[in-house]
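Sequence lines set the chain letters: A, B, ... in the order given, protein chains first and strands last, and positions in each chain run from 1.
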Protein chains: 2
Amino acid sequence: MQGDKQTMKIVKQSLEEQAASYLRELILNGNYQMGQKLVESTLAKQLELSRSTVRMALNTLAHEGLVVQKPYIGWQVINLTESDLWELYHLRVALETRAAWLAAEQITEQGKSRLNELMAYYLEAGKTAKVSSYQISKIDLDLHTLIVELSGNQRLQQIYRNVANQIRIYFNIDHADYDLEESALSHVPLVQAICCGNSEKAQALAEENITTYRKIEEKFREQH
Amino acid sequence: MQGDKQTMKIVKQSLEEQAASYLRELILNGNYQMGQKLVESTLAKQLELSRSTVRMALNTLAHEGLVVQKPYIGWQVINLTESDLWELYHLRVALETRAAWLAAEQITEQGKSRLNELMAYYLEAGKTAKVSSYQISKIDLDLHTLIVELSGNQRLQQIYRNVANQIRIYFNIDHADYDLEESALSHVPLVQAICCGNSEKAQALAEENITTYRKIEEKFREQH
DNA sequence: CATTGCAGATTGTCGGACAATCGACAAAGT
DNA sequence: ACTTTGTCGATTGTCCGACAATCTGCAATG
């Protein structure tokens with residue numbers, strides 16, 4: 001009634017969406033192993049939903065690339081291969097470079113503050129110590145996700161989210177140590193370029209920035 | 001039994017897939033208008049399938065961006081707005097530039113011949129006369145689709161297909177005349193760069209090439 | 001030892017049922 | 001006249017149960 005916003009928020013989520021979100025989190029948090037079988041009827045009992053609803057949720061996750069469906073055999077959590085990582089890496093390059101360009105092109109004051117805030121948090125965290133690649137990838141993805149968000153392109157954002165989620169699955173099983181501070185520092189020029197509205201430079205830096213992650217891809221190749 | 005390949009091909013497509021393909025073609029060929037309502041029960045009768053199966057097919061098309069679903073209201077063919085075209089345009093840039101880079105990076109003899117073959121057909125068709133944007137977009141998309149295919153990145157290919165399909169919907173209602181020959185000629189340097197394995201140049205040319213299509217986007221803006 | 005055939009498990013598809021929600025219009029109240 | 005409320009039809013959301021189609025593994029067969 002007053003000027004304040006009403007904080008009341010009605011959650012309107014279909015059961016299918018809720019089931020999909022639930023399973024998505026389980027997969028992303030590593031509760032399921034890569035390639036693990038998911039049986040419709042079993043999940044239906046666990047979630048106390050009908051098989052149809054579970055099936056639709058799995059369908060959604062399949063479209064997001066988190067699970068795969070083999071006809072008459074079943075669903076299973078995606079099993080990332082070497083070539084999958086290669087594909088995801090190049091998709092990231094394609095999407096993030098354009099996102100950085102767009103973000104720089106139309107950056108606002110609000111956007112700048114959000115970027116700098118997250119960057120500051122990133123740098124602060126970097127001072128602590130070496131951490132697992134899981135955490136480094138999380139905070140790194142947060143920053144890149146923000147850049148994608150600032151691109152203002154919802155379709156790009158949606159696709160990027162799916163790509164990023166698939167990458168997160170891999171980082172769940174990679175527990176090597178990386179230097180978080182070095183990672184944080186390498187993002188500073190990119191953030192600056194975006195805030196300055198220098199789109200060409202932002203694009204180039206974004207590409208260069210991801211290229212450093214190629215090390216991880218190569219490391220994967222050695223292991224297999 | 002002999003050395004020849006057996007041409008026997010068992011079609012193994014679920015009813016859902018068949019329904020999705022059928023509806024997809026209807027939408028892409030302009031049999032439905034943008035924003036038209038699609039009723040599950042009506043389609044189920046038409047296709048002689050159960051509502052569940054139709055629903056799953058519509059779900060697939062929704063993930064592809066061809067239809068949208070509003071809870072408790074229904075499904076409808078996507079209604080492309082100005083901002084949708086803007087999003088799609090930049091997605092094309094992001095995907096195609098990387099695809100061109102990748103294609104040039106790993107082009108094979110077979111790839112070269114396929115490219116040159118299609119390019120020759122393109123140039124030949126260009127000599128005929130002015131044609132509608134529908135046809136020009138079709139043959140143009142064919143070429144770009146081939147480049148994306150030659151990138152060897154299946155995920156990129158999949159996403160590009162969805163983006164291209166959404167763009168095709170718009171070209172169904174844009175019947176202005178364009179110069180096909182000019183369009184064909186503008187692609188020659190790109191094809192050459194890819195065949196020469198000059199990835200950086202191919203990337204730059206791909207971006208420049210799509211930029212010419214910005215005219216269409218601007219034209220759309222004027223109309224609305 | 002290779003092939004065949006069978007049984008169990010799981011998915012693919014269907015039809016029906018009922019609740020939940022939406023849009024629109026009529027009815028009621030001020 | 002205007003707003004609010006109630007109602008109704010249409011459509012989707014969800015569930016259930018049933019059966020066919022298919023895959024896997026293993027036993028039976030030759």
Can you tell me how far [atom2] of [N] sits from [atom1] of [X], to the nearest Å?
| X | N | atom1 | atom2 | result |
| --- | --- | --- | --- | --- |
| B:E17 | D:dA21 | CD | C1' | 15 Å |
| B:Q13 | C:dG12 | CD | C1' | 14 Å |
| B:L15 | D:dC19 | CG | C1' | 15 Å |
| A:W75 | D:dC23 | CH2 | P | 16 Å |
| B:K70 | C:dC22 | NZ | C1' | 12 Å |
| A:Q76 | D:dC23 | CD | C1' | 14 Å |
| B:Q69 | D:dT14 | CD | C1' | 13 Å |
| B:Q18 | C:dG12 | CD | C1' | 12 Å |

Query raised in the report: Across the strands shown, which category fits B:L38 at heavy-atom distances under 4.0 angstrom: base, sugar-phosphate, nothing?
Result: sugar-phosphate
Query - Sugar-phosphate only, base, or nothing, as touched by B:S14 at under 4.0 Å among non-hydrogen atoms - result: sugar-phosphate
To the side chain of [X], which of [options] is closest?
| X | options | result |
| --- | --- | --- |
| B:Y72 | C:dT11, C:dC14, C:dA20 | C:dA20 |
| A:E40 | D:dC15, C:dG15, C:dG12 | C:dG12 |
| B:P71 | D:dC15, C:dT11, D:dG13 | D:dG13 |
| A:V39 | D:dG13, C:dT10, C:dG15 | C:dT10 |
| A:R51 | D:dC15, C:dT13, D:dT12 | C:dT13 |

Report task. Would you please confirm or rule out a distance under 4.0 Å between OP1 or OP2 of C:dC14 and any side-chain N or O of B:T53? Result -> yes
Report task. Please tell me which of A:I73 and A:L49 maps to the more 5' nucleotide of DNA chain D, matching each residue to the nucleotide holding its nearest heavy atom. Result -> A:L49
Query raised in the report: Side chains of A:T81 and A:D84: is there a donor and an acceptor less than 3.5 Å apart?
Result: yes
Requested in this report: Inspect the contact between A:E207 and B:R98 and indicate whether a charged nitrogen and a carboxylate oxygen are less than 4.0 angstrom apart.
Outcome: yes
**Report entry** Check ion pair B:K112-B:E109 (N to O, under 4.0 angstrom)
**Finding:** yes
Requested in this report: Could you list all the ring-ring contact (aromatic ring centres under 6.0 Å, His included) pairs where at least one residue sits in residues 36-61 of chain B, not counting sequence neighbours?
Outcome: none
Requested in this report: Mind jotting down which residue pairs meet the side-chain hydrogen bond (donor to acceptor under 3.5 Å, both in side chains) criterion with at least one end in residues 56-73 of chain A? Sequence neighbours excluded, please.
Outcome: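 For residues 56-73 of chain A: A:E16-A:T60, A:R24-A:E64.
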